[in-house]
Every structure is written in C-alpha cells, then in structure tokens.
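Counting convention: from 1, in listed order, for ligands and their atoms alike.
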Amino acid sequence: MVSPLWTPLHTRLHQTLRQRPVLPPQQKILVAVSGGQDSLCLLQLLWDLGRKWHWELRVAHCDHGWPEDQGLADHVRDWVSQYPLPLFCSGAVALPQTEAAARAWRYQVLLEIARGEGCPVIVTGHTQSDRAETLLYHLIRGTGTTGLTALPWQRSLSPEVQLVRPLLNMSRAETGQFCQDHHLPVWSDPYNQNLQYARNRLRQEIIPALQTHFNPQVETALAQTAEILQGDLDYLEQLTTEACKTAFDDQLPRFNRLPLQTLPLALKRRVVRRFLQQYLPHHPNFEQIEAVTQLIQAPNRSRTSTLTGGMWAEVDQTYVQLTAPS
Ligand SMILES: Nc1ncnc2c1ncn2[C@@H]1O[C@H](COP(=O)(O)OP(=O)(O)OP(=O)(O)O)[C@@H](O)[C@H]1O
C-alpha cells in the first residue's frame with residue numbers, strides 16, 4: 001500500500017504539519033473515510049507519511065443507510081482492508097433525514113469510536129475548495145466574522161478529542177488528480193450532482209463562473225481570506241473573554257457597563273452577544289445585540305423593547321440588566 005510516488009502533495013502535507021503541529025509524531029489518529037476523493041487521498045497521504053511520523057492510524061466509515069449509498073460501505077471496507085489498519089464501520093439505526101442530521105450523527109459516531117480507541121484526534125478530508133465554498137455560502141446568507149472564518153484547521157469536538165483538517169491547503173482538483181495518479185477507487189456520490197442543494201450549485205456553477213470571469217485562483221483567494229479572518233477572530237475572542245471577565249456578574253443576569261464604555265464597538269457587540277447567549281433561549285439576532293449594545297452608553301433607566309419571551313434589558317446605574325416578566 002505504500003505509494004510508489006512521492007508527490008508534491010506529500011511534500012506539502014509534510015511541511016504543513018511541521019509548521020502546524022496538529023498531528024504530532026506517534027499520535028493515535030482516527031481517519032474519517034467517506035469513500036470520496038478527498039478522504040481517500042487523505043488516507044493514502046497519511047499512510048505514506050506515517051513512515052516518517054510513526055502515527056497509529058485507525059479508519060472509520062459511517063454508513064448512513066441511504067438508498068443512494070448502497071454498496072458504499074462494502075466498497076470502503078474492500079479498499080481499506082488492503083491497508084493493515086483497524087477499520088470501524090458504523091451503520092445508522094434510523095436513517096438521517098437531512099444533511100444536517102447526517103452530519104450530527106456522523107460526528108457523534110466518530111467521537112464515540114475515537115474515545116473508545118483512545119484517539120485524541122479525528123481527521124477529515126476537508127479541502128481548500130470546501131473552505132472557499134463555505135465562506136462564500138456564509139457571505140451570501142449573511143454572517144458575522146465567526147461565520148466567515150469557515151472550517152478552521154482544528155477545533156474541539158469534546159474536551160479530549162480534536163477534529164483536524166490537514167488538507168485545507170489542497171484543492172479538490174489536486175486531490176482528484178492524486179486519486180487518479182494513485183489509482184484510488186473513488187466512490188462517486190450521485191448526491192453531489194443534484195443542483196437542488198445550494199452547496200452543489202455553488203460547487204458546480206458559481207465557483208466555476210467566478211474562476212472564468214473574475215479570478216482563476218478564486219478558491220485560493222477565498223480560503224486565504226478565511227485563514228486571515230480566523231487569526232483576527234482568535235484575537236478578538238481573546239479580548240472579548242478578558243472584557244467579559246471584568247464586566248459579567250457571576251450571580252445575576254447583568255453586566256457592568258463602565259469598563260465597556262471605552263472599548264471599540266466591535267468588542268462591545270461581542271461582549272453583548274456572549275451575555276445574551278447566556279440568557280436568551282435562542283441565538284441572539286442582530287437587532288437584539290444592537291439594542292443592548294446601545295444601552296452601554298445610554299442614560300440611566302433606558303431600556304430596550306421586548307427581546308424575547310417578554311424579557312427586556314434596562315440600565316440600572318452602572319449595570320445593564322435583563323429583566324423577565326414575573
Ligand atoms: N460517511 C462518512 N464516513 C466517514 N467520514 C465521512 C463521511 N462523510 C464525510 N466524512 C468525512 O468528512 C469529510 C467532509 O465530507 P463532506 O464534505 O461530505 O461533509 P460535510 O457534511 O460537508 O462536512 P462538514 O459538515 O464537516 O463541513 C470527508 O472528507 C470525510 O473525511
């Protein structure tokens with residue numbers, strides 16, 4: 001199974017992992033393999049690089065049980081059995097009804113396998129192309145900075161398990177070419193052709209149009225934007241955490257507005273968003289955050305209109321407090 005070819009993608013991944021220590025040597029790693037080109041490429045690259053990094057690899061495949069996936073689990077099992085690696089195949093008991101339900105189930109299953117195997121890391125085959133599409137999708141739908149960061153290299157799935165995406169600086173075209181060159185048996189998913197799904201339309205029509213008419217490197221440009229925004233966001237989140245520590249009250253649904261008054265608007269909004277996230281039953285929207293942010297500088301006794309469930313926010317001297325109907 002050791003690939004006879006050492007390609008530029010091997011070198012790129014090796015260098016990436018030296019710069020970003022997300023997969024240290026000897027690490028136990030659970031590789032999530034869907035059967036598509038990105039995760040087959042990921043598995044082969046990790047297997048080949050494993051000679052240098054000495055990882056302990058395990059493979060997981062989640063079988064949604066959807067009719068259009070018939071034969072996929074066997075296909076993955078046949079292929080992966082050629083690597084001397086443990087493979088875990090999990091089948092859904094109840095068919096997930098939506099993509100979002102399928103994703104939630106998948107991550108739950110992957111997390112359980114990782115915990116059972118003592119793997120602190122799960123890796124997926126998300127690429128630069130996925131990152132570009134996610135950024136564009138969020139931009140079109142409207143989002144704050146958090147939505148624009150789109151698919152970070154690493155995020156926590158639980159306190160003990162990290163999700164790592166090592167292929168974020170490779171395009172789908174590159175993983176496709178790699179699979180061809182290495183004769184990897186890519187499963188072609190009919191779902192990917194269905195233009196009813198916004199994601200597929202972006203991938204099949206919008207990105208190619210942007211490449212043709214605006215920028216042939218649009219995927220790289222968008223993915224780099226996401227990368228820059230991620231750095232900015234990490235910094236803002238750190239400042240927000242510090243501001244929340246000085247302003248929030250441990251006991252009561254209120255915050256001290258005095259230390260916030262001299263902060264830039266971007267931080268005021270973030271502090272207010274975190275505050276409302278603690279107390280509102282759903283994610284606060286733009287208008288709610290703006291209304292409460294204005295109270296930071298407003299005269300005493302100013303108040304918002306009803307935020308949700310009869311709840312409002314009001315200025316009480318140095319505090320902004322949330323009040324619920326009794
Ligand atoms: N059925 C599966 N079994 C195991 N891993 C999977 C499965 N489906 C997807 N993955 C993993 O997730 C990666 C991304 O797949 P895909 O783009 O189809 O999912 P997605 O739902 O868009 O992901 P996300 O919600 O995390 O952005 C794959 O490269 C693979 O590593």
Side-chain angles (χ1 to χ4, degrees), residues 13 23 29-47 57-77 79-80 85-92 95-114 117 119 121-138 147 149-157 161-168 170-172 174-176 178-179 184 186-194 197-204 207 219 223 226:
L13 181 58
L23 298 178
I29 300 173
L30 183 65
V31 189
V33 171
S34 64
Q37 64 178 55
D38 301 330
S39 51
L40 287 188
C41 172
L42 172 70
L43 177 62
Q44 184 67 45
L45 284 172
L46 291 181
W47 173 255
L57 301 180
R58 283 144 174 70
V59 181
H61 173 72
C62 309
D63 179 3
H64 300 114
W66 288 330
E68 60 270 29
D69 284 352
Q70 213 182 0
L72 170 58
D74 288 338
H75 176 81
V76 170
R77 210 177 275 119
W79 176 248
V80 174
L85 294 174
L87 167 68
F88 300 84
C89 267
S90 267
L95 293 193
Q97 295 300 313
T98 62
E99 261 298 295
R103 183 178 300 134
W105 171 75
R106 235 169 28 231
Y107 281 115
Q108 192 52 41
V109 165
L110 292 171
L111 194 54
E112 277 163 22
I113 300 170
E117 287 297 297
C119 289
V121 170
I122 297 169
V123 292
T124 57
H126 291 99
T127 60
Q128 183 183 69
S129 311
D130 293 307
R131 203 177 204 191
E133 286 159 13
T134 307
L135 172 60
L136 201 53
Y137 184 73
H138 286 164
T149 57
L151 301 184
W153 287 85
Q154 180 172 21
R155 80 173 165 90
S156 289
L157 285 179
V161 181
Q162 296 289 311
L163 175 68
V164 170
R165 302 178 172 110
L167 303 191
L168 283 185
M170 296 176 196
S171 68
R172 193 172 297 122
E174 287 176 310
T175 60
F178 182 95
C179 290
L184 305 184
V186 174
W187 180 267
S188 84
D189 184 350
Y191 161 85
N192 288 338
Q193 307 309 320
N194 188 340
Y197 297 102
R199 237 346 151 67
N200 292 340
R201 195 175 289 279
L202 269 182
R203 182 175 295 178
Q204 313 265 355
I207 299 257
E219 279 191 357

Ignoring hydrogens and angles, write down the donor-acceptor pairs under 3.5 Å from the side chains of residues 59-74, residues two or more places apart or on other chains.
unit_1, atom_1, unit_2, atom_2, d
His61, ND1, Val33, O, 2.8
Asp63, OD1, Gly65, N, 2.9
His64, NE2, Arg106, NH1, 3.3
Trp66, NE1, Pro96, O, 2.8
Asp74, OD1, Arg77, NH1, 2.8

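Contact atoms of ligand 1 toward Ala60: 4 (C) (distance under 4.0 Å to a heavy atom of the residue). Counting atoms of ligand 1 from 1 in the listed order, those under 4.0 Å from a heavy atom of Thr124 are 12 (O), 13 (C), 31 (O).
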Are Trp47 and Leu85 close enough, and set up right, to give a side chain to side chain contact (heavy atoms under 4.5 Å, CB included), and what steps lead you there?
CA-CA 10 Å; Trp47 173 255; Leu85 294 174; 3.7 Å; yes
Verify salt bridge (charged side-chain N to carboxylate O under 4.0 Å, His left out) between Asp130 and Arg172, making sure each step is shown before the conclusion.
CA-CA 8 Å; Asp130 293 307; Arg172 193 172 297 122; 3.0 Å; yes
Side chain to side chain donor-acceptor pair (under 3.5 Å) between Ser129 and Glu219, intermediate numbers included
CA-CA 6 Å; Ser129 311; Glu219 279 191 357; 2.8 Å; yes
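The protein heavy atom nearest to atom 31 (O) of ligand 1 is Ala32 O, 2.7 Å. Protein heavy atom at the shortest distance from atom 4 (C) of ligand 1 is Val33 O, 3.3 Å. Here the protein heavy atom with the shortest distance to atom 6 (C) of ligand 1 is Ser34 CB, 3.7 Å. Among protein heavy atoms, atom 26 (O) of ligand 1 sits closest to Tyr107 OH, 2.3 Å. The protein non-hydrogen atom at the shortest distance from atom 25 (O) of ligand 1 is Arg103 NE, 2.2 Å.
Put simply, the side chain of Leu168 reaches to within 4.5 Å of the side chain of His126, judged on heavy atoms. Residues Gln128 and Met170 have side chains not in contact (no heavy-atom distance under 4.5 Å, counting atoms from C-beta outward).
The option from Ser129, Cys62, Cys89, Ala102 that lies nearest to atom 3 (N) of ligand 1, judged by heavy atoms, is Cys62. For atom 8 (N) of ligand 1, the nearest non-hydrogen atom from the set His61, His64, Arg106 comes from Arg106. When Arg199, His126, Arg155, Glu133 are checked for heavy-atom proximity to atom 15 (O) of ligand 1, His126 turns out nearest.
Under a 3.5 Å cut-off, the side chain of Ser39 and the backbone N or O of Ser34 do form a donor-acceptor pair.
Note that atom 29 (O) of ligand 1 has protein non-hydrogen atoms nearby, at separations under 4.0 angstrom.
The side chain to side chain contact (heavy atoms under 4.5 Å, CB included) test applied to Gln154 returns Val22, Gln162, Val164, not counting sequence neighbours.
At a 3.5 angstrom cut-off on N or O pairs, Val123 does not count as close to ligand 1.
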